[in-house]
Amino acid sequence: MPLMPRRVKFRKSHRGSRAGNAQRGTNLNFGDFGLQSLGREWVKNTQIEACRISINRYLKRKGKVWIRVFPHKPITQRPPETRMGKGKGAPAHWVAVVRPGHMMFEVAGVTETQAREAMRLAANKLGIRTRFVKRETH
């Protein structure tokens, strides 16, 4: 079952703007280590799922993983080799709008080296520049 909303008010949405930086969801709120985006991109539901699988496989289900992005936006696509006109295409997949500074994944209950490697594997699944962040201890 792909990652997507259970129900939406409207089937199709406008493309919107990806300009600006993330205003909220930029801090580590749950885990001790995180993966923060440095670029702006539409991240597909399949990419998020691939990241989740790679993190859980590497950590062998130890620790706890939080996914801080969710694909709320439907992206429509026309059938191939279709003439112009005849309206907007049907929803093809769902994306999460990710802006610079957004915390995408968080991990707790593992060592820093384990978390760093798990986040590196997850970052390879995304087509976006990211950085590894850790919680500052006061």
Side-chain angles (χ1 to χ4, degrees):
M1 185 81 184
L3 206 56
M4 61 188 276
R6 281 201 188 94
R7 56 187 294 271
V8 288
K9 193 169 183 179
F10 300 106
R11 266 180 70 226
K12 301 172 184 178
S13 74
H14 292 271
R15 293 172 71 84
S17 171
R18 286 183 253 185
N21 295 331
Q23 298 300 309
R24 46 184 64 87
T26 58
N27 299 324
L28 280 170
N29 291 338
F30 304 101
D32 301 321
F33 309 102
L35 189 68
Q36 190 176 38
S37 72
L38 295 176
R40 66 187 81 248
E41 194 71 41
W42 282 345
V43 180
K44 287 186 182 181
N45 52 0
T46 52
Q47 290 174 302
I48 296 169
E49 181 65 12
C51 290
R52 182 190 70 79
I53 290 168
S54 67
I55 291 170
N56 286 336
R57 275 213 182 121
Y58 181 78
L59 296 179
K60 296 188 174 69
R61 295 187 32 228
K62 290 182 173 62
K64 178 135 177 64
V65 179
W66 289 270
I67 303 169
R68 299 279 308 274
V69 289
F70 187 82
H72 288 289
K73 186 181 197 65
I75 301 300
T76 60
Q77 212 168 25
R78 300 286 301 282
E81 299 177 22
T82 309
R83 292 191 178 183
M84 302 303 287
K86 306 276 192 292
K88 192 169 180 173
H93 56 268
W94 294 80
V95 297
V97 180
V98 175
R99 295 189 172 97
H102 199 288
M103 197 63 63
M104 300 174 76
F105 299 95
E106 294 188 28
V107 178
V110 293
T111 64
E112 184 182 342
T113 53
Q114 285 177 316
R116 197 176 283 275
E117 179 62 16
M119 293 302 177
R120 185 190 68 80
L121 292 169
N124 287 339
K125 307 284 185 238
L126 301 165
I128 184 172
R129 283 182 58 237
T130 57
R131 73 175 172 194
F132 178 80
V133 291
K134 59 182 177 180
R135 191 182 294 280
E136 292 90 20
T137 54
H138 291 74

Show the nearest heavy-atom pair for residues [X] and [Y], with the distance to one decimal.
X   : Y    : value
R83 : R78  : O-NH2, 3.2 Å
P74 : R11  : CG-O, 3.4 Å
C51 : A122 : SG-O, 3.2 Å
H72 : P5   : CA-CG, 4.2 Å
R99 : G20  : CD-O, 3.6 Å
S13 : K88  : O-NZ, 2.8 Å

Check your understanding: For M104 and L126, what are the C-alpha separation, side-chain angles and deciding distance, and is it a side chain to side chain contact (heavy atoms under 4.5 Å, CB included)?
Key -> CA-CA 11 Å; M104 300 174 76; L126 301 165; 3.7 Å; yes
Check your understanding: Under the ring pair (Phe, Tyr, Trp, His ring centres under 6.0 Å) rule, what pairs show up with a residue in residues 44-64, not counting sequence neighbours?
Key ->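 Applying ring pair (Phe, Tyr, Trp, His ring centres under 6.0 Å) to every pair that reaches into residues 44-64, excluding sequence neighbours, yields nothing.
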Review point. Say you draw a straight line from CG of D32 to OG1 of T111; how long is it, rounded to the nearest 0.5 Å?
Key: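 If we round to the nearest 0.5 Å, D32:CG and T111:OG1 are 11.0 Å apart.
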**Study point:** Distance in Å, L28 CG paired with W66 CH2, rounded so as to fall on 0.5 Å steps
**Key:** 10.0 Å
Practice item. Decide yes or no on side chain to side chain contact (heavy atoms under 4.5 Å, CB included) for M103 and N29, but give the supporting numbers first. Key: CA-CA 9 Å; M103 197 63 63; N29 291 338; over 6 Å; no
Check your understanding: For M119, which of V133, T130, N124, L35 qualifies under side-chain contact (heavy atoms from CB on, under 4.5 Å)?
Key -> L35
Do any N or O atoms from the side chain of [X] and from the backbone of [Y] form a donor-acceptor pair under 3.5 angstrom?
X    : Y    : answer
E106 : G34  : no
E49  : L3   : no
Q36  : T26  : yes
R18  : E41  : no
E117 : A115 : no

**Study point:** Minimum side-chain heavy-atom gap V98-W42 below 4.5 Å
**Key:**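 SC-SC contact between V98 and W42 ruled out.
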Practice item. Report yes if the side chains of R40 and N21 come closer than 4.5 Å at any heavy-atom pair, otherwise no. Key: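 Contact flag for R40/N21 side chains = yes.
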Point to revise | Residue R57 excluded, over 12 heavy atoms near CZ under 6.0 Å | key: no
Review point. Partners of I67 by side chain to side chain contact (heavy atoms under 4.5 Å, CB included), sequence neighbours excluded?
Key: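 I48, R52, V69, F105.
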Practice item. Please assess E112 against F132 for the test side chain to side chain contact (heavy atoms under 4.5 Å, CB included), listing each intermediate value before the final yes or no. Key: CA-CA 10 Å; E112 184 182 342; F132 178 80; 4.2 Å; yes
